[in-house]
Amino acid sequence: MELGLVGLGKMGGNMRERIRRAGHTVIGYDRNPDVSDVDSLEELVSKLKGPRVVWVMVPAGAATQATIDELAGLLSPGDVVVDGGNSRWTDDEKHAVELGLKEIGFVDCGVSGGVWGLENGYALMYGGTEENVAKVQPVFDALKPEGEFGSVHAGKVGAGHFAKMVHNGIEYAMMQAYAEGWELLEKVDSVTDVREVFRSWQEGTVIRSWLLDLAVDALDEDEHLEKLRGFAQDSGEGRWTVEAAIDHAVPLPAITASLFARFASRQDDSPQMKMIAALRNQFGGHAVEASKK
């Protein structure tokens, strides 16, 4: 099938390549002309045959809204817009209504996979009507990991980003647990090789995971994380998860505490946040700040 893809950054650029490897045609647009296939959204839309599918991979908020607004004036009834960024699920409901007034479909899709997605595939959580999802299904199939799992029609519009938000909240708590354990091991005199303790957990333990593998990779690069400043940013989805928990009276003590720990990292050079920063860099290519020492 043909796909228009808007936003060719770290995620979008690799997604374009993976979809093309599956035999589909992708026309990509980005403000950076060095990576763009066309010069404008208007040109992108003109090169697609109807019914068109345009996938948006730009920052959540104003950038996504502006892109969808422009596409609403360019697309035709029966076309579909997919928001694959990290938008808040309440924005999805708004976008679906706005596009629906012009009989343009809307699908929201939470995407996980980071810098490893090109080779390993992307976990996809999407929301929308069966009809609109079916128009995008070949692209979902191209992006997902090999095998039975890794892709889900989570429900109606907003369900995809809500599911991805909860996924990221769980990720916050898991990273925090590894970070706290690492700091405690580093603190005691009796444990003389913390890195190898972490490595030993990679097989046969109930806490083995891809995050643990990435923690070991980070420690192989910088055994005591001395090159990093203990500062970790939050993407916003952790905050939204806690807000949703409050709205629905669901207790989330671990996720909430992990979010607050990131706030604490901005006050001091936290040892735990060195591990969080290292893990975010390993799985998502997120920027790290060098130690001032």
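Positions are given from 1, in the same order as the sequence printed here. Note that the coordinates shown come from a computational prediction; the quantities given were computed from them, not determined experimentally.
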Please report the interatomic distance CG(Asp193) to OG(Ser200), rounded to the nearest 0.5 Å.
9.5 Å
Shortest non-hydrogen contact from Ser112 to His167?
OG-CE1, 3.3 Å
Using a distance-only test with no angle check, is there a side-chain donor-acceptor pair under 3.5 angstrom linking Asp83 and Ser87?
yes
Counting distance only, does the side-chain N/O of Arg20 pair as donor-acceptor with the main-chain N or O of Val26 below 3.5 Å?
yes
Could you tell me whether Glu103 atom CD has more than 12 heavy atoms of other residues or ligands within 6.0 Å of it?
no
Take atom NZ in Lys10; do more than 12 heavy atoms of anything else shown fall under 6.0 Å from it?
yes
Leu211, Leu225: one ILVMFWY side-chain cluster at the under-4.5 Å cut-off?
yes
Name all pairs fulfilling the side chain to side chain donor-acceptor pair (under 3.5 Å) condition that reach into residues 139-151, sequence neighbours left out, sorted by first residue then second.
Tyr126-Ser151, Gln137-Asp141
When rounded to the nearest 0.5 angstrom, what distance separates OG1 in Thr241 from CG in Leu259?
8.5 Å
Expected output: side-chain Asn281 to main-chain His286 donor-acceptor under 3.5 Å
yes
Using salt bridge (Lys or Arg N to Asp or Glu O under 4.0 Å) as the criterion, list what pairs up with Glu243, not counting sequence neighbours.
Arg88
So, the side chain of Asp37 versus the backbone of Ile27: is there a donor-acceptor pair under 3.5 Å, distance only?
no
Would you find a donor on one side and an acceptor on the other, under 3.5 Å apart, between the side chain of Glu223 and the backbone of Arg195?
no
Stacked cation flag Arg18 on Tyr122, 6.0 angstrom / 45 deg:
no
Donor-acceptor contact below 3.5 Å, side chain Ser265 vs main chain Phe231
no
If Ile, Leu, Val, Met, Phe, Trp and Tyr residues are connected whenever their side-chain heavy atoms lie under 4.5 Å apart, and connections chain through other members, are Phe162 and Val82 in the same group?
no
Can a donor-acceptor pair be found, under 3.5 Å and without considering hydrogens, that links the side chain of Asp108 to the backbone of His161?
yes
Would you check if there is a donor-acceptor pair between the side chains of Tyr178 and Ser209 at a distance under 3.5 Å?
yes
Could you give the distance from CZ (Arg280) to CE (Met175), rounded to the nearest 0.5 Å?
6.5 Å
Salt bridge present between Glu183 and Lys187 (N-O < 4.0 angstrom):
no
